[in-house]
Amino acid sequence: MSAVSDRLPAFPWDKLEPYKKTAAAHPDGIVDLSVGTPVDPVPEHIQKALIDAADSPGYPTVWGTPELRDALTRWVEHRLGAREVTHRHVLPVVGSKELVAWLPTQLGLGPGDQVAFPRLAYPTYEVGARLARAEHVAYDDPTELDPTRLKLLWLNSPSNPTGRVLSKAQLTRIVAWAREHGVLVLSDECYIELGWEADPVSVLHPDVNGGSYDGIVAVHSLSKRSNLAGYRAAFLAGDPAVLGPLLQIRKHGGMMTPAPTQAAVVAALGDDEHVRVQRERYAARRTALRDALLAHGFRIEHSEASLYLWATRDESCWDTVAHLADRGILVAPGDFYGPVGDRFVRVALTATDERVRAAVTRLTA
């Protein structure tokens with residue numbers, strides 16, 4: 001076991017514990033803006049769907065029920081503008097983090113193969129490469145990479161942590177380059193419903209992929225849009241030549257979305273109203289926190305989408321973390337997401353309205 005764990009970096013969040021203790025000592029309690037975990041209720045109709053499916057004594061299927069696959073294909077066409085999506089184009093997964101961490105291994109990548117991801121990125125992209133014993137490389141522009149040994153290219157738009165959105169033109173150029181060099185594109189689009197000052201586009205849109213899903217797969221999650229992080233509900237959509245073998249591998253591995261969760265996903269994807277309501281909550285929190293951070297002397301870059309503000313005081317990120325912890329506010333240091341983030345912090349919008357008001361008061365006092 002140590003041979004596997006030795007491939008992995010130190011778990012970054014452990015380094016935040018002393019600052020969490022400092023923030024928790026504030027007389028009015030901690031405001032934890034360090035993680036992007038939903039805090040608002042699961043919509044009632046989704047809870048009901050889960051409860052109604054609670055009597056599920058048999059094993060679920062890895063591919064999901066026909067009703068689930070219908071819901072996935074309908075949503076991909078309705079929300080992302082994809083065309084001619086069939087059951088062969090979709091695959092449910094047990095939360096997106098599991099998928100990101102184990103995809104290189106499931107694709108058969110290993111020593112000598114390369115996995116690429118943005119220079120500022122969700123740490124699990126690197127973890128997935130390390131678990132497979134593949135090499136990992138960070139990029140500013142993926143089309144400047146040497147494609148010789150590159151097997152898997154991660155895109156992330158809207159970005160975690162920065163909220164940056166890749167334009168349709170940028171996505172089109174990257175997809176064309178990857179196809180030219182036989183590189184599989186995995187586009188992490190888990191924040192696509194949360195565009196504020198930009199309208200994020202999926203790689204599944206025909207304007208990006210020319211009407212073909214060859215060599216592209218998109219990753220989507222219901223954790224943020226529907227507050228289903230605790231349900232572990234996500235899915236892939238794209239190239240059947242990639243998803244078909246993955247389905248077989250995941251059957252052997254028993255990677256099954258629980259039957260009640262499958263029913264909840266059907267209910268969640270069939271309703272847009274709860275997404276609109278949740279967006280309004282996040283928009284209000286975003287405005288309040290953004291204004292307070294700016295008033296406190298921060299500069300905010302990108303952040304045109306997603307659930308985070310990418311903020312800096314032009315100092316070490318750990319100095320900023322300490323500064324805010326003294327005020328009872330916990331944020332994530334930017335170097336968790338890559339060395340170039342060492343002068344930024346990531347501020348999550350995932351706190352209750354009451355806690356956001358407390359943060360605003362402390363920042364503007």
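The structure displayed is predicted, hence computed values, not measured ones.
Applying the 6.0 Å contact sphere to CH2 of Trp63 captures more than 12 heavy atoms from other residues, nucleotides or ligands. Taking a 6.0 Å sphere around CD of Glu280, one finds it holds more than 12 heavy atoms contributed by other residues, nucleotides or ligands. For Glu197, the CD atom counts as densely surrounded, since its 6.0 Å shell holds more than 12 non-hydrogen atoms of other residues, nucleotides or ligands.
Annotation: side chain of Arg279 is in contact with side chain of Leu194 (closest heavy-atom distance under 4.5 Å). A heavy-atom distance below 4.5 Å is found between the side chains of Pro333 and Leu16. Side-chain contact between Val35 and Thr350 is absent, with no heavy atoms from C-beta onward closer than 4.5 Å. Two residues are said to be in side-chain contact when any heavy atoms from C-beta on lie closer than 4.5 Å; Phe298 and Leu309 fail this criterion. Using a 4.5 Å heavy-atom threshold, the side chains of Phe235 and Leu91 count as separate. Looking only at side-chain heavy atoms (C-beta outward), Thr257 and Tyr231 stay at 4.5 Å or farther from each other. No side-chain heavy atom of Leu120 sits less than 4.5 Å from a side-chain heavy atom of Phe344. When side chains are defined from C-beta on, Phe117 does not count as touching Tyr122, because their heavy atoms never get closer than 4.5 Å.
No path of Ile, Leu, Val, Met, Phe, Trp and Tyr side chains, each step under 4.5 Å between heavy atoms, connects Phe336 with Val100, placing them in separate hydrophobic clusters. There is no path of hydrophobic side-chain contacts, each under 4.5 Å, that joins Trp102 to Leu243. If you chain together hydrophobic residues whose side chains sit under 4.5 Å apart, Val115 and Val183 never meet in one group. Residues Leu166 and Trp177 are members of one and the same hydrophobic cluster, defined by side-chain heavy-atom contacts under 4.5 angstrom among Ile, Leu, Val, Met, Phe, Trp and Tyr. Val94 and Ile46 are not part of a single hydrophobic cluster, where members link through side-chain heavy atoms under 4.5 Å apart.
Aromatic ring centres of Tyr282 and Trp196: separated by at least 6.0 Å.
Residues Ser226 and Ala268 share a closest heavy-atom pair of OG-CB, 3.8 Å. Closest heavy-atom contact between Thr65 and Gln262: N-OE1, 3.0 Å. Between Trp154 and Tyr139, the shortest heavy-atom distance links the atoms O-OH, 2.6 Å. Between Ser96 and Ser221, the closest heavy-atom pair is OG-CB, 4.1 Å. Contact between Val93 and Leu236 at its shortest, heavy atoms only, is CG1-CG, 4.1 Å. Pro104 approaches Ala129 most closely through the heavy-atom pair CG-N, 4.1 Å.
Formation of a donor-acceptor pair under 3.5 Å by the Thr73 side chain with backbone atoms of His89 is not found in this model. Arg69 places no side-chain N or O within donor-acceptor distance of the main-chain N or O of Glu67, the cut-off being under 3.5 Å. Distance alone, capped at 3.5 Å, places no donor-acceptor pair between the Glu189 side chain and the Pro200 backbone. Looking only at distances, no side-chain donor or acceptor of Glu126 sits under 3.5 Å from a matching main-chain atom of His136. Looking only at distances, no side-chain donor or acceptor of Arg130 sits under 3.5 Å from a matching main-chain atom of Leu8. Proximity of a side-chain donor or acceptor of Asn156 to a complementary backbone N or O of Asn160 within less than 3.5 Å is detected. Looking only at distances, no side-chain donor or acceptor of Thr172 sits under 3.5 Å from a matching main-chain atom of Gln170. Judged by distance alone, with hydrogens and angles left aside, the side-chain atoms of Arg285 form a donor-acceptor pair with the main-chain N or O of Ala351 at under 3.5 Å. The backbone N or O of Pro41 lies less than 3.5 Å from a partner atom in the side chain of Asn227, making a donor-acceptor pair.
For the salt bridge (Lys or Arg N to Asp or Glu O under 4.0 Å) condition, the pairs that include at least one residue of residues 220-245, sequence neighbours left out, are Glu193-Arg225. Pairs passing the salt bridge (Lys or Arg N to Asp or Glu O under 4.0 Å) check and including a residue from residues 198-221, sequence neighbours excluded, read Lys168-Asp207.
Rounding to the nearest 0.5 Å places CG of Leu186 at 7.0 Å from CG of Leu107. Interatomic distance, CD1 of Ile30 versus CG of Asp28, reported as 11.5 Å (0.5 Å rounding). Atoms CH2 and CD, from Trp310 and Glu304 in turn, are 13.5 Å apart once rounded to the nearest 0.5 Å. Going from atom CZ of Arg281 over to atom CG of Asp40 covers 4.5 Å, rounded to the nearest 0.5 Å. Interatomic distance, Ile216 CD1 to Leu153 CG, rounded to the nearest 0.5 Å: 12.0 Å. Rounded to the nearest 0.5 Å, atoms CG (Leu307) and CD (Gln278) are 8.5 Å apart.
A salt bridge is defined here as a Lys NZ or Arg NE, NH1 or NH2 lying under 4.0 Å from an Asp or Glu carboxylate O, and Asp314 with Arg343 fails to meet this definition. Taking the charged nitrogens against the carboxylate oxygens, Arg119 and Asp141 have no contact shorter than 4.0 Å, which rules out a salt bridge. Of the charged side-chain nitrogens involved, none lies within less than 4.0 Å of a carboxylate oxygen, so that Lys21 and Glu17 do not count as a salt-bridged pair. Using a 4.0 Å cut-off between charged nitrogen and carboxylate oxygen, Lys48 and Asp52 count as a salt-bridge pair. Using a 4.0 Å cut-off between charged nitrogen and carboxylate oxygen, Glu273 and Arg276 count as a salt-bridge pair.
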List, one per line, each side-chain donor-acceptor pair under 3.5 Å for residues 320-328, sequence neighbours excluded.
unit_1	atom_1	unit_2	atom_2	d
Thr320	OG1	Glu315	OE2	2.8
Thr320	OG1	Ser316	O	3.4
His323	ND1	Arg327	NH1	3.3
His323	NE2	His296	NE2	2.8
His323	NE2	Arg313	NH1	3.3
Arg327	NH1	His323	O	2.8

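Looking at His302 and Arg164, their side chains never bring a donor and an acceptor atom within 3.5 Å of each other. Residues Asn209 and Arg179 have side chains that never bring a donor and an acceptor to within less than 3.5 angstrom of each other.
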Inset, instruction - Evaluate the criterion side chain to side chain contact (heavy atoms under 4.5 Å, CB included) for residue pair Ile192 and Ser202; output intermediate values, then yes/no. - result: CA-CA 8 Å; Ile192 203 164; Ser202 172; 3.9 Å; yes

Inset, instruction - Give the C-alpha distance, both sets of side-chain angles, the deciding distance and a yes or no for side chain to side chain contact (heavy atoms under 4.5 Å, CB included) between Leu103 and Leu246. - result: CA-CA 9 Å; Leu103 182 64; Leu246 277 179; 3.8 Å; yes

Inset, instruction - Begin with the C-alpha distance, continue with both residues' side-chain angles, and end with the deciding distance and a verdict on side chain to side chain contact (heavy atoms under 4.5 Å, CB included) for Trp75 and Leu222. - result: CA-CA 12 Å; Trp75 185 84; Leu222 284 84; over 6 Å; no

Inset, instruction - Take Leu293 and Leu363 through the test side chain to side chain contact (heavy atoms under 4.5 Å, CB included) and record every step on the way to the result. - result: CA-CA 7 Å; Leu293 288 166; Leu363 288 168; 4.0 Å; yes

Inset, instruction - Kindly determine whether Lys20 and Asp14 satisfy salt bridge (Lys or Arg N to Asp or Glu O under 4.0 Å), including the steps that lead there. - result: CA-CA 10 Å; Lys20 187 173 185 178; Asp14 292 343; over 6 Å; no

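Screening Val165, Leu80, Val208 for a side-chain contact (heavy atoms from CB on, under 4.5 Å) involving Val201 leaves a single residue, Val208.
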